[in-house]
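We count ligands from 1, going down the list as the structure has it; atoms in each ligand are counted the same way.
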Amino acid sequence: MLKQQHDLSQANTMALACMADTVVTLTDEAQLDDFMAYYRDNDEQAPLFVLSGGSNVLLPATLQATVLQPHMRGIHLLEHTDDYVDIEVMAGENWHELVLYTISQGWYGLENLALIPGLTGAAPVQNIGAYGVQLDDCLQYVRAYHLPSNTWHQLTASDCQFGYRDSMFKRAPNTWLISRVGLRLHKDATRILASYGDVQSVAQRYAEQDGRQQPMPADVMQAIIDIRQQKLPDPKQLPNCGSFFQNPIINQSQFTALQVSFPNIVGYPMPDSMVKVAAGWLIEQAGLKGGGIAPIMTHTQQALVLTNHAPFMATQEDVAAAQDYIANCVYEKFAITIMREPVWVQADATIGLGNHAI
Ligand code: EPU
């Protein structure tokens, strides 16, 4: 389905005002082949931009591009053994509903990734991760269309070059349209990962309420849903795009030096003598929990999340003002540069790099 001059302010969870020249919604892969044949033959020079669930993008007020929305649906069971299942999930499936469905089937591995907004096709782009689990722990392959060469590819997990909130898709914007994701999920109900924060104790409570001694994956999922609902705003009620900044990774000696002045600084050891510092803590200590530049303010329960208090009216410029202000305050206090996580889309659909809007 092709729409001209289409309002995307409801199609991004930050609820930024955005009017796009053309939007093409795809409900099967053949439609993409057909559209691309038409696009090539029409000397049409409008750049292409792929928009999934809109939960990790910052859109411009005017987007002079052809926006492709992969909305293909379906969850297919490929292989079933005593130990695991292989499933293939179409890009347009809602991620959280997928997590609920797999757990209800007794297929485990996604329970820690409950309540992450967005659609499945975008999950590999930033290698979604939460509570000690990342998508690449269970991802087998990605089927994707390479827009510059008009060819379909089946990419292995190593082809995707996953990292912390990173992949080759993220590093090559406007290049790939992901249509399917292949996952291997396990069936061992005793295997859980609950070491992060309060997850173990909340999951334990759910297990005991149900007369069991040990938490199962469904208990972990319920615990994570509770924890996220307490800390993270529901985009439908208070527009946001999740973590706005990445947790910066600094070297151990810099971290040790900071500990002298800030004994409570929160950091997690990483390989190669590096430390991942909690950006939410840095922002809170800079006095900005609940602060910002109106209407873009940090969330009162989790300073890493920026929220939009003027839905459908605030623009990217408002976000830039708040982002720069917060990043500068953190830098002045800690000499650490915190970097934006969501994708900054410019009017011509090119992607803004680093923290800069241009
Ligand atoms: N903290 C503060 N003040 C704050 C926020 C956090 O002091 O305002 C401290 C917490 O007390 C805790 C530490 O910072 O000691 C870490 O906080 P939290 O557990 O909330 O996790 P995070 O590092 O802030 C990351 C992900 C989240 C993910 C959680 C749980 C990034 C950029 N963000 O947040 O992802 O849900 O871990 O795994 O890595 C998202 O992507 O939208 C998202 C929410």
Do the side-chain N and O atoms of [X] and [Y] include a donor-acceptor pair separated by under 3.5 angstrom?
X    : Y    : result
D159 : T156 : yes
Q161 : R171 : yes
S243 : E341 : no
D136 : Q134 : yes
R165 : N127 : no
Q69  : T25  : yes

For ligand 1, which atoms have a heavy atom of [X] less than 4.0 angstrom away?
X    : answer
E284 : 2 (C), 3 (N), 4 (C), 7 (O), 8 (O)
Y164 : 31 (C), 32 (C), 39 (O)
A130 : 36 (O), 38 (O)
K289 : 8 (O)
G242 : 42 (O)
E341 : 32 (C), 41 (O)

Q) Which one of V343, L306, V319 satisfies the side chain to side chain contact (heavy atoms under 4.5 Å, CB included) criterion with L58? A) V319
Of the protein's non-hydrogen atoms, which lies at the shortest distance from [atom], and what is that distance?
atom                    : result
atom 14 (O) of ligand 1 : A278 CB, 3.2 Å
atom 26 (C) of ligand 1 : R165 NH2, 3.3 Å
atom 23 (O) of ligand 1 : N247 ND2, 2.8 Å
atom 5 (C) of ligand 1  : Q302 OE1, 2.7 Å
atom 34 (O) of ligand 1 : L304 CD2, 4.0 Å
atom 38 (O) of ligand 1 : Y131 N, 2.6 Å

Q. Out of V266, I265, L115, whose heavy atom sits nearest atom 15 (O) of ligand 1?
A. V266
Q | Heavy-atom nearest neighbour of atom 19 (O) of ligand 1 within options W281, F245, Y196 | A | Y196
Please report whether ligand 1 has a polar contact with [X], defined as an N or O pair separated by less than 3.5 Å (distance criterion only).
X    : result
S243 : yes
Q246 : no
Q126 : no
A303 : yes

Are the charged groups of [X] and [Y] less than 4.0 angstrom apart, N to O?
X    : Y    : result
R143 : E29  : yes
R212 : D219 : yes
K187 : D83  : no

Q: Treating Ile, Leu, Val, Met, Phe, Trp and Tyr as nodes and any side-chain heavy-atom pair under 4.5 angstrom as an edge, say whether V199 and V266 lie in one connected cluster.
A: yes
Q: Assess whether side-chain contact (heavy atoms from CB on, under 4.5 Å) is satisfied between K170 and F162, documenting all intermediate values.
A: CA-CA 10 Å; K170 195 167 176 184; F162 290 117; over 6 Å; no
**Q.** Any protein heavy atom < 4.0 Å from atom 32 (C) of ligand 1
**A.** yes
Q.
Among all the protein's heavy atoms, is there at least one whose distance to atom 11 (O) of ligand 1 comes out below 4.0 Å?
A. no
**Q.** Contact partition for L232 relative to ligand 1, non-hydrogen atoms under 4.0 Å
**A.** side chain
Q. Has R228 got any heavy atom lying under 4.0 angstrom from an atom of ligand 1?
A. yes
Q: Would you please determine whether Y268 falls within less than 4.0 Å of ligand 1 on a heavy-atom basis?
A: yes
Q | Contacts of D234 that satisfy side chain to side chain donor-acceptor pair (under 3.5 Å) - sequence neighbours left out | A | none
Q: Examine H153 together with W176 and report whether their ring centres are nearer than 6.0 Å.
A: yes
